[in-house]
There are 2 protein chains.
Amino acid sequence: MNTPEKSAHPIRVLIAEDQTMLRGALAALLNLEADITVVAEAINGREALKLAGATAPDVVVTDIEMPERSGLELAADLKHAESAARVIILTTFARPGYLRRALDAGARGYLLKERPVSELAEAIRRVHTGLRAIDPDLAADAWEADVDPLSDRERQILRLAGEGRTSSEIASDLHLSEGTVRNYLSEAITKLGAANRIDAARIARARGWL
Amino acid sequence: MNTPEKSAHPIRVLIAEDQTMLRGALAALLNLEADITVVAEAINGREALKLAGATAPDVVVTDIEMPERSGLELAADLKHAESAARVIILTTFARPGYLRRALDAGARGYLLKERPVSELAEAIRRVHTGLRAIDPDLAADAWEADVDPLSDRERQILRLAGEGRTSSEIASDLHLSEGTVRNYLSEAITKLGAANRIDAARIARARGWL
DNA sequence: CACACGGGATGACAATTGTCATCCCTCTTT
DNA sequence: AAAGAGGGATGACAATTGTCATCCCGTGTG
């Protein structure tokens with residue numbers, strides 16, 4: 001297997017993705033592109049931030065759902081650290097809530113894993129020149145998508161409820177009274193138009209609010 | 001980009017995986033191997049079965065969770081069709097239940113997406129020569145893993161309950177009385193040692209029983 | 001034929017969950 | 001100082017959920 005010559009100043013890319021096989025495959029394929037070079041690979045957001053500091057990539061391609069620190073948090077971290085790296089979110093999920101959060105966190109690209117690798121390379125080039133690269137399917141309904149109506153507490157409690165914890169368990173976990181937990185849950189259920197806590201958790205997850 | 005010479009009789013591989021980016025990346029990388037050629041790509045189990053008939057692959061690499069027809073069902077279908085293709089399951093999930101079902105369905109390999117692509121190529125070669133390729137982490141506790149204790153009805157009802165449907169909804173969906181639904185759910189909860197239906201659904205999912 | 005067995009149904013009871021109106025504190029804002 | 005607003009707590013009540021003992025009915029099976 002021979003590597004083609006790199007151009008004088010290839011685009012320096014960092015990949016953050018927790019699934020080894022996909023991460024390795026993407027790195028290998030992107031490295032075959034003449035104008036792209038993968039300078040680092042991270043398995044979660046925390047590691048990615050560290051490596052970004054050390055390798056000064058031009059573009060960071062990151063998954064969202066990773067242990068330790070998510071891709072959305074990574075985007076925010078990089079922005080906060082005033083890194084020059086442009087961020088492209090690469091995810092399975094076409095959740096409007098995710099896209100919105102990604103853009104708020106300063107991401108310049110949002111691409112689905114449903115698309116071929118060639119589009120990723122294309123997105124990297126676009127973003128490197130300062131343009132945006134938003135998946136067309138999502139770009140449309142992103143802004144008309146409704147905003148997460150949940151408060152922090154509601155979200156937090158709903159997350160636990162969705163894992164099967166009972167009201168009283170959640171209450172003692174969070175040092176709240178059981179009644180209060182039920183109140184928050186009830187609020188969340190009405191806000192989401194759900195039938196019960198499980199349904200509410202499902203809806204929130206599907207929209208990328210959890 | 002130049003493709004290396006293929007050997008006279010390369011291993012013919014079919015890939016079934018619903019996520020386009022991973023599917024494309026794997027196909028591209030495997031094609032770079034001198035002794036492997038990807039003869040077809042499918043986005044679900046149904047399509048894979050059809051393509052397997054048309055292309056007579058030596059090895060089928062398949063994901064488990066796909067729409068239409070899962071990788072486990074595909075393995076069973078191929079066995080039933082007396083296909084000569086050897087099946088390698090490639091999945092994110094280290095669920096003992098999945099491995100067991102895979103082996104029962106006649107799969108010769110079980111590999112996690114947590115491993116590098118090189119291991120996939122290696123597994124393909126092993127399986128092609130008639131050997132097995134089971135992820136070492138799983139091989140150990142696979143057989144001592146407990147068997148799915150749920151009956152079909154219990155599983156079916158638990159699945160619906162896990163999606164947030166109420167007992168009465170499930171009852172009318174399945175033409176059962178509400179009390180009966182509660183009975184099954186209660187059974188499932190005890191069998192799994194869960195705290196409630198949500199917890200039970202979570203546990204069953206985690207073990208690959210749902 | 002008698003008997004066990006599995007799928008399904010009932011009825012009853014306790015615990016958990018969902019809903020509401022109200023109330024109590026702290027902060028802000030005016 | 002008065003008026004809101006947000007986070008949290010209570011209490012009460014209805015609906016849903018979880019648990020059990022029992023029962024009915026068709027299928028095997030000895």
Side-chain angles (χ1 to χ4, degrees), chain A residues 73 76 97 100-101 104 146-210, chain B residues 97 100-101 104 146-210:
Chain A
E73 293 170 314
R100 180 168 233 135
R101 279 204 269 160
D104 286 352
D146 19 37
V147 196
D148 181 352
L150 302 174
S151 72
D152 289 347
R153 265 295 194 226
E154 285 160 4
R155 215 186 340 275
Q156 183 185 29
I157 290 177
L158 193 52
R159 209 177 337 238
L160 293 170
E163 288 167 12
R165 329 291 303 279
T166 68
S167 302
S168 64
E169 284 173 344
I170 299 177
S172 59
D173 266 27
L174 267 42
H175 306 293
L176 291 175
S177 93
E178 191 192 320
T180 303
V181 170
R182 299 224 301 281
N183 285 335
Y184 279 117
L185 244 13
S186 179
E187 255 302 293
I189 291 170
T190 358
K191 280 184 179 176
L192 300 178
N196 52 50
R197 49 175 75 194
I198 322 179
D199 198 25
R202 230 202 56 252
I203 294 175
R205 263 195 290 268
R207 309 246 175 112
W209 294 336
L210 226 59
Chain B
R100 179 166 236 138
R101 281 204 268 159
D104 285 352
D146 19 38
V147 197
D148 182 352
L150 301 174
S151 73
D152 289 347
R153 264 294 194 228
E154 284 160 5
R155 217 186 339 277
Q156 182 185 30
I157 290 177
L158 193 54
R159 210 178 334 238
L160 293 169
E163 289 167 13
R165 328 292 302 278
T166 68
S167 301
S168 64
E169 283 173 344
I170 299 177
S172 60
D173 266 27
L174 266 43
H175 306 293
L176 291 176
S177 93
E178 190 194 318
T180 304
V181 170
R182 299 225 301 280
N183 286 155
Y184 279 118
L185 244 12
S186 180
E187 254 303 294
I189 291 170
T190 354
K191 280 184 181 176
L192 300 178
N196 53 51
R197 50 175 76 192
I198 322 179
D199 199 26
R202 229 201 56 252
I203 293 175
R205 263 194 290 266
R207 310 244 176 112
W209 294 336
L210 226 57

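For the numbers below, each heavy atom of this structure counts, side chains included, while hydrogens, waters and symmetry mates do not. Just so it is clear, the structure is predicted and the values come from calculations on it, not from any experiment. Naming convention: chains lettered A, B, ... in sequence-line order (proteins, then strands); numbering from 1 in each chain.
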Could you give the [atom1]-to-[atom2] distance, from [X] to [N], as a whole number of Å?
X	N	atom1	atom2	value
A:E187	D:dG8	CD	P	13 Å
A:Q156	D:dG8	CD	C1'	14 Å
B:H175	C:dA9	NE2	C1'	17 Å
B:L176	D:dC25	CG	P	18 Å
A:I157	C:dT17	CD1	P	13 Å
A:Y184	C:dT19	OH	P	16 Å
B:L185	C:dT17	CG	C1'	15 Å
A:D152	D:dG8	CG	C1'	15 Å

Could you pull out the closest heavy-atom pair between [X] and [Y], with the gap in Å?
X	Y	answer
A:I189	A:A195	CG2-C, 4.4 Å
B:I203	B:L192	CD1-O, 3.7 Å
B:P149	B:W209	CD-CZ3, 3.5 Å
A:L210	A:A201	CD2-O, 4.1 Å

Provide a list of protein-nucleic acid N or O atom pairs under 3.5 angstrom, restricted to nucleotides 10-12 of chain D.
from: D:dT10; atom 1: O4; to: A:N183; atom 2: ND2; distance (Å): 3.0

### Query
Between B:S167 and B:R197, is any pair of side-chain heavy atoms under 4.5 Å apart?
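Yes, close enough: below the 4.5 Å cut-off.
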### Message
Counting only heavy atoms and a strict 4.0 angstrom limit, can you tell me which residues of residues 189-204 of chain B come near DNA chain C?
### Response
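Within this stretch, nothing sits under 4.0 Å of the strand.
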### Rounded distance [0.5 Å steps], OH in A:Y184 versus CG in A:L174
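The CG atom of A:L174 is 10.0 Å from OH of A:Y184, to the nearest 0.5 Å.
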#### Entry: Contact under 4.0 Å: B:S167 side-chain N or O vs D:dT16 OP1/OP2
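For B:S167, the contact criterion (side-chain N or O under 4.0 Å from OP1 or OP2 of D:dT16) is not met.
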Do [X] and [Y] sit within salt-bridge range, that is, some charged N less than 4.0 Å from a carboxylate O?
X	Y	result
B:R159	B:E163	no
A:D199	A:R202	yes
A:D148	A:R155	yes

### Task
Check every atom of D:dT19, C:dG8, C:dT17 against the side chain of B:R153 and return the nucleotide holding the closest atom.
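Side chain of B:R153 sits closest to C:dG8.
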